[in-house]
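Start at 1 and go down the list; that is how both ligands and their atoms are numbered.
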Amino acid sequence: MALPPPILLESSSQSFSTLQTACLKDLAESYTLTSIPSNYAYSSPEAVHLTDPVLSQEIPTIDLSLLTKGTPDQRSQIVRDLGQACREWGFFMVINHGVKESLRARMLDACQAFFDLSETEKREYAGKHVLDPIRCGTSFNPTVDKVLYWRDYLKVFMHPAFHSPDKPAGFREVSSEYIERIREVVKELLRGISESLGLEESYIEKASQLESGLQILIANFYPRCPQPELAMGIPPHSDHGLLTVLMQNDVGGLQLQHKGKWVNVDPLPNSFLVNTGDHLEILSNGNYKSVVHRAVVNNTAARISLAMAHGPSPDTAIAPAPTLVDSENHRPAYREMKYRDYLQLQQSNQLNGKSCLDNVRA
Ligand code: OGA
Ligand code: NI
């Protein structure tokens, strides 16, 4: 593989403009980097947050088979567990979800194969606009990110209209199969979550017009990083949709904020990690908070994570469920906004740990 020009490491202004159009993977893997380019490094005091104490706490586990096939008692227990997980954590692991291990493995391989494409091949998909159906790139939004993130990504809108890059071979087939299965899991979870809020089982599905809701694949590639203490994979943020379903290769890095502390997420084998997004917070009138999370990097192995974001239909305006609002104690905490407008707002700003929800608070 061709060596990148050494100037990348010598001049930060040069490296910034070069990397805006490129991806990080080739730079990180093409030769032995011993330090990271300065535009990826947090300087003190901002870097202090990377050495925050991190806890290893058990994250709630939801057995999906009990929600779909359990006895009425088992189902009500899982609905209560789901409610508690959403209220206290905004985050849980799903087991016995019925998605085959072989399908998960093929999907991970397909995404790895995408990142392994040459830079020229990937550039074809370097979309410009947040609503472009296929978009790959580096960092989060390099035109506004003050420090670049140690991450390449591929984002593909897969529902209601299915899109797929043509390369690598097989990506289209495996991803269309994968998203169908994941959407089923999400529908079941949203039914349980609606019930846990005291709403009709299909409330969230209907209010968000889930049949034409956006389902977006976000594949993240975090190369091995020679100075993980100075870099960040994805900075603290919340997800914009209703629920995100994440799986990863066997390398950790995801952390979530729980009661003001960072917690390492160490998923059970073959489980999915599910987190609440901004639109679940809005629909639930703040009963379920959208959880803040981030991804750190490491100096031993590259990490891949696949986040499937599930949101309302883009033209649907979302507001708190009327039954969770009253004129006395539970005023609507958020203003109504179309999901499309919210997406645009979130994606065009920096991910700076501050929630985009601040823009819709009533
Ligand atoms: C995301 C995200 C976390 C991870 O893509 O929104 O939070 O572990 N990813 O990669
Ligand atoms: Ni996220």
Side-chain angles (χ1 to χ4, degrees), residues 23-25 50 54 56 59 89-94 104 107-108 111-112 114-115 130 134-141 145 148-158 175 178-179 182 186 214-225 228 231-258 262-268 271-281 288-298 301-311 342-343 346-347 349-357:
C23 53
L24 171 64
K25 184 172 182 284
L50 289 172
V54 171
S56 286
I59 286 154
W89 285 85
F91 211 100
F92 49 91
M93 281 184 283
V94 176
R104 290 163 51 102
M107 185 64 189
L108 269 172
C111 290
Q112 174 75 57
F114 178 86
F115 290 117
V130 289
I134 306 180
R135 194 156 61 96
C136 76
T138 192
S139 193
F140 177 71
N141 186 351
D145 298 334
L148 294 181
Y149 304 115
W150 199 257
R151 162 205 191 223
D152 288 336
Y153 68 86
L154 167 67
K155 267 189 199 175
V156 187
F157 284 50
M158 294 193 157
S175 58
Y178 182 75
I179 60 152
I182 300 296
V186 165
L214 283 187
Q215 190 182 21
I216 310 172
L217 165 73
I218 303 123
N220 299 294
F221 182 85
Y222 307 99
R224 196 188 66 80
C225 177
M232 183 55 101
I234 289 194
H237 68 282
S238 62
D239 294 348
H240 45 71
L242 295 160
L243 286 183
T244 302
V245 179
L246 186 132
M247 70 155 165
Q248 58 180 34
N249 62 356
D250 48 13
V251 180
L254 177 60
Q255 298 179 339
L256 64 99
Q257 209 162 53
H258 180 63
W262 288 104
V263 176
N264 270 327
V265 181
D266 198 7
L268 290 168
S271 66
F272 285 109
L273 295 165
V274 177
N275 67 269
T276 54
D278 295 349
H279 279 75
L280 195 59
E281 178 166 336
Y288 297 165
K289 297 277 191 268
S290 150
V291 70
V292 172
H293 53 286
R294 67 184 187 183
V296 296
V297 292
N298 73 82
R303 171 167 184 258
I304 287 196
S305 69
L306 308 188
M308 294 282 342
H310 298 79
Y342 190 89
L343 259 177
Q346 196 243 16
Q347 302 272 308
N349 286 304
Q350 288 176 63
L351 278 187
N352 57 7
K354 235 180 92 202
S355 176
C356 185
L357 277 171

Asker: Looking at His237, which of its N, O or S atoms is the nearest one to the Ni ion (ligand 2)?
Answerer: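 When I compare the N, O and S atoms of His237, NE2 is nearest to the Ni ion (ligand 2).
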
Asker: Is there a side-chain contact between Leu24 and Leu148, using heavy atoms and a 4.5 Å cut-off?
Answerer: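 No, their side chains stay 4.5 Å or more apart.
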
Asker: Need the ligand 1 atom indices (1-based, order shown) with element for anything under 4.0 Å from a heavy-atom of Ile234.
Answerer: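 Numbered from 1, ligand 1 contributes 1 (C), 2 (C), 5 (O), 9 (N).
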
Asker: Relative to the Ni ion (ligand 2), which of the N, O or S atoms in His293 is the closest?
Answerer: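 In His293, the heteroatom (N, O or S) nearest the Ni ion (ligand 2) is NE2.
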
Asker: Return the option from Arg303, Gln255, Arg294, Met247 holding the heavy atom at the smallest distance from atom 8 (O) of ligand 1.
Answerer: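 That would be Arg303.
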
Asker: With atoms numbered from 1 as shown, which atoms in ligand 1 lie under 4.0 angstrom from a non-hydrogen atom of Leu254?
Answerer: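 The atoms of ligand 1 under 4.0 Å from a heavy atom of Leu254 are 3 (C), 8 (O).
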
Asker: His310 versus Ile182: any side-chain heavy-atom pair under 4.5 Å?
Answerer: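 They are in side-chain contact.
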
Asker: May I ask you to check whether Phe91 and His258 place their ring centres under 6.0 Å from each other?
Answerer: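 Between Phe91 and His258, which both carry aromatic rings, the centre distance is not below 6.0 Å.
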
Asker: Find out whether Asn298 and Val296 are in side-chain contact, i.e. whether some heavy atom of one side chain is under 4.5 Å from a heavy atom of the other.
Answerer: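 Sidechains of Val296 and Asn298: no contact.
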
Asker: Measure the shortest side-chain to side-chain distance between Asn275 and Leu273 over non-hydrogen atoms and say whether it is less than 4.5 angstrom.
Answerer: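 No. Closest side-chain heavy atoms not under 4.5 Å.
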
Asker: Side chains of Tyr222 and Ser305, heavy atoms from C-beta outward: is any pair under 4.5 Å?
Answerer: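 With C-beta onward as the side chain, the pair touches.
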
Asker: Taking 4.0 Å as the limit for heavy-atom contacts, which would you say applies to Tyr222 with ligand 1: side chain only, backbone only, both, or neither?
Answerer: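 Side chain only.
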
Asker: At under 4.0 Å between heavy atoms, is it the side chain or the backbone of Gln248 that contacts ligand 1, or both, or neither?
Answerer: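 No part of Gln248 is near ligand 1 at this cut-off.
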
Asker: Taking both backbone and side-chain atoms of Arg151, is any N or O found less than 3.5 Å from an N or O belonging to ligand 1?
Answerer: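 In this structure, Arg151 places no N or O atom under 3.5 Å from an N or O of ligand 1.
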
Asker: Of all N, O or S atoms in Asp239, identify the one at the shortest distance from the Ni ion (ligand 2).
Answerer: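 In Asp239, the heteroatom (N, O or S) nearest the Ni ion (ligand 2) is OD1.
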
Asker: Is the contact between Thr244 and ligand 1 made by the side chain, the backbone, both, or neither, using heavy atoms and a 4.0 Å cut-off?
Answerer: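 Neither; no heavy atom under 4.0 Å.
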
Asker: Measuring only between side-chain heavy atoms, which start at C-beta, is Trp262 closer than 4.5 Å to Gln257?
Answerer: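 Yes; the side chains approach each other to less than 4.5 Å.
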
Asker: Using a 4.0 Å cut-off to any heavy atom of Asn220, which atoms of ligand 1 qualify?
Answerer: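 That gives atoms 5 (O), 9 (N), 10 (O) of ligand 1.
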
Asker: Under 6.0 Å from the ring centre and within 45 degrees of the ring axis: does the NZ or CZ of Arg104 meet both conditions for the six-membered ring of Phe272?
Answerer: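 Relative to the ring axis of Phe272, which defines the angle, Arg104 lies inside both limits.
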
Asker: Among protein heavy atoms, which sits nearest to atom 6 (O) of ligand 1, and what does the distance come to when rounded to 0.1 Å?
Answerer: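 Checked against all protein heavy atoms, atom 6 (O) of ligand 1 sits closest to His237 NE2, 3.2 Å.
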
